[in-house]
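First the proteins, then the strands, lettered A, B, ... as listed; each starts at 1.
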Amino acid sequence: MQLADPVEMGTSSNSGTPATAAADVSKLQPLLSLRGMSKRFGSLQALSDVSVEIATGEIHCLLGENGAGKSTLCNLIFGVYKPDDGSMQFGGQDYRPAGPAAALTQGIAMVHQHFSLVPDLSVVDNLLLGQARGILKRAECAQRVRQLSEHYGLALDPFARIRDLSVGERQRVEIVKCLMREPRLLVLDEPTAVLLPAEIEGLLTVCQRVAAQGCGVVLVTHKLAEIKKVAHRVTVLRGGRVVATSNKPANEIDLLVRAMIQRDLAGLDASASAMFGELAEEADAGSAATTEKIDDEIVQINGLTVRDAEGVARLDNFTLIVNRGEIVGIAGVEGNGQSELAAVLSGMLTASDGRFFVASKNMTNRSPQEITATGVGVVPEDRHAVACVTGMSLAENLFLNRLDDFRHWGLLDRTALRDKARALMQEFDVRAAGPDIAFSSLSGGNQQKAVLGRELTTQGLVFLLAAQPTRGLDVGAVEAVYGQIRKACERGVGVLLISSELDELISIADRIVVLYRGRIMGHCVAHASERERIGAMMAGHVE
Amino acid sequence: MTTMAINLWQQARLQTAIWISLAAVLFAILVGLVLVASMGVPLTDAISAFAEGAWGSPYAIAASVNRALALGLVGVGFVLANRANLTNVGGEGQIALGGIAATAMSLYGGASHLPGPLPFIVPMIAAALAGGAWGGIAGVLKAKVGTNEVISTLLMSFIAVWLVYWCVQSESLLRQPMHNTATLPESLEIPEVTKIPLLTGDYSMPLHWGLPIALVLAVIVAIVLDKTVFGLRLRAVGLNPVAARRAGIAIVPSILLVLFLAGALGGLAGAFMLQGDQYSLKARFSSGYGFDGLVVGLLARGSVPGVIASALLFGFLRSGGINMELAAGIPSAIVMVIQGVIIVTLAGAAFWMERKRSGK
């Protein structure tokens with residue numbers, strides 16, 4: 001491990017024996033070398049003087065918090081951006097991709113965080129889009145998909161429409177799309193964020209097999225468990241610079257974390273450290289009081305059912321009670337009815353059947369406005385699409401659902417809006433230059449804190465619905481978000497927390513309900529000892 | 001200009017946008033002069049004919065301003081709807097409907113028998129309501145079945161333009177009584193009391209009360225858009241309708257209202273043209289004011305003062321162009337070319353700025 005000294009990388013001898021990094025990385029052939037790469041966007045220096053080397057057959061992890069420059073680096077490799085400075089060598093030759101197409105031709109494939117699939121086309125048609133000429137050979141392509149699916153354990157129906165697939169499944173399509181090109185270097189930008197534990201295992205296996213065939217793999221992640229498992233080498237980025245590299249990452253996890261967040265993992269909130277896949281032993285401390293929080297029902301959900309246009313039940317006979325001061329976690333792989341549940345409870349989607357009550361009032365199929373008025377706060381899953389208007393200012397977003405409070409002689413009282421916004425920013429630790437700053441200029445963590453602040457200060461709050469509230473946030477923000485949710489809970493607010501991060505749920509929730517294909521598979525106490533059981537239910541195994 | 005270019009253009013910084021607008025206008029005028037020169041007309045002749053027609057006399061100035069009035073009202077309506085991310089390209093049809101309604105109300109609706117200023121105000125209100133209804137239909141289509149308002153407002157414009165033809169061709173509608181085969185297919189002249197009174201009372205400078213009315217309306221729209229909760233909500237609806245809905249903002253009424261209001265402003269423009277300028281409904285009543293008004297709205301980049309500036313620019317351009325045709329024999333279509341060049345230049349500049357910004 002060399003802190004802030006990337007140039008010497010690869011020269012140190014491999015004295016330790018990392019659990020899985022079988023190959024001696026110093027003997028591997030360099031495949032891609034980056035030297036002194038810099039990239040600036042406007043006033044933001046996204047990357048400065050970054051040098052990284054990736055070898056054939058190596059799984060090279062890029063570790064770093066949000067905004068550290070991992071995605072930018074990947075995009076430079078894939079030719080999406082042009083570097084301001086620095087040079088790249090790929091397979092021993094100068095590599096200056098004119099764009100992603102050039103990168104693909106040279107054998108570099110990338111799975112982006114945001115997918116580029118046409119929702120109305122089938123899996124096969126999407127795969128053929130970029131490559132086919134003349135007559136479409138669908139059957140042949142489907143056969144290839146099945147081969148790859150089987151080989152790598154990426155279950156996929158070649159003729160399913162993308163529109164009908166979950167986020168996790170869509171990602172599998174993207175991965176298959178890359179693998180079909182038989183790349184020499186595969187770049188995966190935070191691929192595990194949307195996957196279920198078993199699927200993550202599967203994906204890591206895919207990475208290992210791909211690497212075993214001599215292909216280089218760049219894996220962007222912030223999960224230490226994954227690094228422990230598969231990484232041969234790790235490069236840690238912070239603020240656009242390489243702050244640490246390691247040739248034996250499995251033995252140096254603590255050092256890597258310190259380099260990444262400038263703090264020790266031991267000092268972190270249990271649920272925040274769970275985000276790195278490091279589950280603390282006493283993580284279930286929060287669930288100790290479970291049994292005492294009964295008989296104070298705040299939300300009753302009774303047989304809630306949502307059918308899609310084809311009549312398929314996306315949420316099937318969902319029944320649940322949430323008590324005051326309790327956090328109920330909804331576990332499950334994405335696309336198993338969580339989105340529908342959240343959408344119905346927040347008034348954005350019509351239930352086909354069933355009812356739900358908030359504080360004994362029937363709120364089924366009421367408007368979002370009425371639901372908010374009953375004291376329901378909602379942190380939507382998709383922050384940019386549902387929670388905020390990124391083109392408006394921070395203050396405007398903080399009070400988007402109660403702008404009428406700022407009506408003064410028919411005009412909008414900007415001064416009051418600003419003052420109230422400052423108070424809320426202070427209370428919820430939203431870090432921004434000021435209330436008038438564009439919402440889009442805030443980091444993901446601060447955006448989420450702002451949304452949470454708005455929803456938690458809903459008039460007469462009795463129930464908080466939070467869907468994937470920590471997705472894409474850095475560790476500090478995760479801590480803040482969970483701290484606020486706990487605080488609300490202590491005030492007697494009932495919380496329904498939807499998350500695909502099982503470890504997070506275990507550490508913060510009181511009890512957990514598992515969703516699979518829209519149905520409740522079972523109820524569990526949130527305890528680390530239940531992890532295996534929950535994992536099995538998430539994969540559809542009935543007890 | 002494509003929707004994408006519109007969006008890019010609207011996001012540009014104000015100062016940059018002003019400079020680019022000025023540069024685009026100058027460049028377009030230069031192109032116009034080159035075309036004039038290539039037709040073999042001496043430039044001095046063309047320029048003096050243009051100046052004479054645009055601002056050469058009190059009458060010319062008033063005519064230019066009156067043209068700007070109609071363009072400005074349509075432009076303000078465009079800006080209003082655009083705040084909710086709705087692109088109203090139906091100004092032409094809304095003007096036509098306004099003209100029909102104002103004519104009908106003035107000639108046969110009994111407006112002339114009303115007391116005080118009502119004889120000219122009531123037809124104006126009728127025109128606004130008719131234009132509003134025409135815009136509102138597009139709103140209903142958008143809100144209920146999701147029809148793109150660009151398509152619906154545009155196609156409704158063609159319907160409206162032909163409705164004018166029908167009205168002036170058919171004696172049972174608005175055509176003046178036919179005495180012989182030479183009777184023109186147009187309506188009777190509207191009664192004196194229904195004409196919008198002149199500010200000066202002197203036909204050598206025919207500025208009428210429409211000017212202050214339009215200015216007041218523009219100020220009201222500017223305040224509503226920028227200073228009220230309603231304006232902020234419209235912006236939220238425009239930028240992210242899903243998030244706006246989650247935040248409890250009623251989307252459907254917003255769409256309906258805003259397209260109605262945009263249409264009403266177009267209808268009012270029709271009333272101004274009829275009651276303040278033409279005084280009788282003719283087949284080619286609007287002749288492109290609605291479409292030019294749309295361009296005015298685009299050029300203004302969502303700002304009401306911008307609408308006023310660009311409406312005046314286009315008003316003077318049109319007047320000058322017409323006189324160039326009359327006095328110097330240069331087709332007034334050259335003005336259309338200049339307008340087109342302005343738009344293309346702006347769209348190009350917006351794309352260029354975006355490319356520079358995204359660092360590709």
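Of the listed residues (A/P380, A/C388, A/S367, A/G347), the greatest number of heavy-atom pairs within a distance under 4.5 Å of chain B belongs to A/C388. For the options B/A247, B/G238, B/P241, B/A250, heavy-atom pairs under 4.5 Å to chain A are most numerous at B/A247. The candidate with the highest count of non-hydrogen atom pairs below 4.5 Å against chain B, out of A/G391, A/A385, A/A387, is A/A385. Highest contact tally toward chain A, considering only B/V229, B/I249, B/D226, is held by B/V229 [criterion: heavy-atom pairs under 4.5 Å].
Residues B/L232 and A/M392 approach most closely at CD1-CE, 4.0 Å, considering heavy atoms. Summarising the geometry of B/R246 relative to A/V378, their closest heavy-atom pair is NH1-CB, 3.4 Å, with the distance given to 0.1 Å. Nearest heavy atoms, A/V389 versus B/L239: CG1-CB, 3.2 Å.
Scanning residues 393-421 of chain A against chain B with a 4.5 Å non-hydrogen threshold yields A/E396, A/L400, A/N401, A/L403, A/D404, A/R407, A/G410, A/L411, A/L412, A/R414, sorted by number. Proximity to chain B at a heavy-atom threshold of 4.5 Å picks out A/P368, A/Q369, A/T372 from residues 368-377 of chain A, in numerical order.
Every residue was checked against the ring-ring contact (aromatic ring centres under 6.0 Å, His included) condition with A/F428, not counting sequence neighbours, and none meets it. Qualifying ring-ring contact (aromatic ring centres under 6.0 Å, His included) partners for B/F230, counting only residues two or more places apart in sequence or in other chains: none.
Remark: A/M348 CE to B/R245 CZ distance equals 4.5 Å, nearest 0.5 Å.
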